[in-house]
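Positions are given from 1, in the same order as the sequence printed here.
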Amino acid sequence: MSKSSTIAPAPAAQVPGQAGSVPAPVAAPRMLKQRRRRPGLIALSVALIAAGGLSGAVLYAASGERAAVVVVSRDVPVGSLIAKEDLGQASVALDPAVKSVKASEAERLVGQRAAVDLRAGNLLSPAQVTDKTLVGPGDQVVGVSVKPSQLPATKLTPGQRVLVVSTPDPDAAATDKPVPATPKTNSCTRSCCV
């Protein structure tokens with residue numbers, strides 16, 4: 001005995017409004033249009049990405065660029081000669097607006113004078129040193145020896161105007177001819193302020 005089986009066809013889709021069993025036409029699958037590759041546009045995109053990365057790396061490296069500059073290693077009063085021991089070297093990142101002395105120029109500073117008070121740890125600017133003497137024509141540096149009770153109440157600074165009055169010593173012999181007191185106004189330099 002043999003059995004045969006047949007597969008019944010699936011019911012055909014009917015067109016609405018028709019009574020017959022006519023199958024509806026099936027649409028063929030649409031072929032997807034392949035995208036056209038544009039090698040020029042791909043190359044341009046890769047080049048722009050690489051240029052952006054490279055410029056970012058250059059800016060990062062430039063912002064951290066350090067320069068060797070001269071710093072003051074110990075205090076130097078105004079008018080004093082600068083010695084090699086007064087100068088040191090540091091590596092710092094500088095803004096272009098900051099004026100500083102390069103470390104390679106440190107040797108030319110030795111023997112020059114401090115135009116202002118130089119404080120230890122500060123960067124040295126070219127305007128802070130001079131090769132000229134600070135005592136001009138017609139000026140004199142005078143050392144004054146005074147007792148602690150005769151010192152001014154406030155500290156004198158260089159360039160401050162002072163009044164020097166000469167008074168006779170009370171312990172001087174009576175035979176000495178007294179010197180008349182004449183007030184004079186002078187400009188204070190570092191040596192008379194100490």
Side-chain angles (χ1 to χ4, degrees), residues 55-194:
S55 63
V58 167
L59 286 175
Y60 177 75
S63 66
E65 187 176 322
R66 297 175 139 340
V69 295
V70 175
V71 294
V72 181
S73 59
R74 61 183 183 185
D75 291 347
V76 180
V78 64
S80 298
L81 289 176
I82 298 173
K84 188 173 183 174
E85 296 78 29
D86 297 330
L87 305 175
Q89 182 177 338
S91 180
V92 295
L94 291 176
D95 187 90
V98 175
K99 304 296 181 209
S100 62
V101 178
K102 294 180 182 175
S104 60
E105 300 175 6
E107 289 298 321
R108 78 169 177 83
L109 299 174
V110 175
Q112 292 192 16
R113 295 189 180 275
V116 296
D117 280 334
L118 303 176
R119 299 286 175 224
N122 291 343
L123 290 178
L124 191 62
S125 169
Q128 294 176 320
V129 295
T130 183
D131 55 354
K132 299 176 184 170
T133 179
L134 299 179
V135 180
D139 291 341
Q140 293 182 352
V141 177
V142 178
V144 179
S145 175
V146 295
K147 298 175 189 171
S149 62
Q150 296 173 325
L151 288 173
T154 59
K155 184 178 178 181
L156 296 176
T157 59
Q160 186 175 357
R161 309 281 295 171
V162 295
L163 179 66
V164 178
V165 179
S166 174
T167 57
D169 187 9
D171 297 333
T175 59
D176 288 345
K177 186 175 181 183
V179 177
T182 57
K184 298 202 182 237
T185 304
N186 295 318
S187 176
C188 177
T189 61
R190 185 71 179 168
S191 59
C192 74
C193 296
V194 178

Heavy-atom closest contact (Val70 atom, Ala106 atom, distance): CG2-CB, 3.9 Å
Check: Asp131 side chain, Gln112 main-chain N or O, donor-acceptor pair, under 3.5 Å: no
Under-4.0 Å salt bridge between Glu105 and Lys102: no
Closest heavy-atom pair and its distance - Ala90, Val71: CB-CG1, 3.8 Å
Side-chain donor or acceptor of Ser73 paired with backbone N/O of Glu85 under 3.5 Å: yes
Lys99 side, atom NZ; Leu124 side, atom CG - distance, nearest 0.5 Å: 15.0 Å
Shortest non-hydrogen separation from Ala83 to Arg74 and the atoms involved: CB-NH2, 4.5 Å
Closest non-hydrogen atom pair between Ala114 and Pro77, with its separation: CB-O, 3.7 Å
Polar side-chain atom of Arg113 near backbone of Thr130 as donor-acceptor pair, under 3.5 Å: no
Stepwise side chain to side chain contact (heavy atoms under 4.5 Å, CB included) test for Asp86 and Leu118: CA-CA 9 Å; Asp86 297 330; Leu118 303 176; over 6 Å; no
Gln128 versus Leu123, closest heavy-atom pair with distance: OE1-O, 3.5 Å
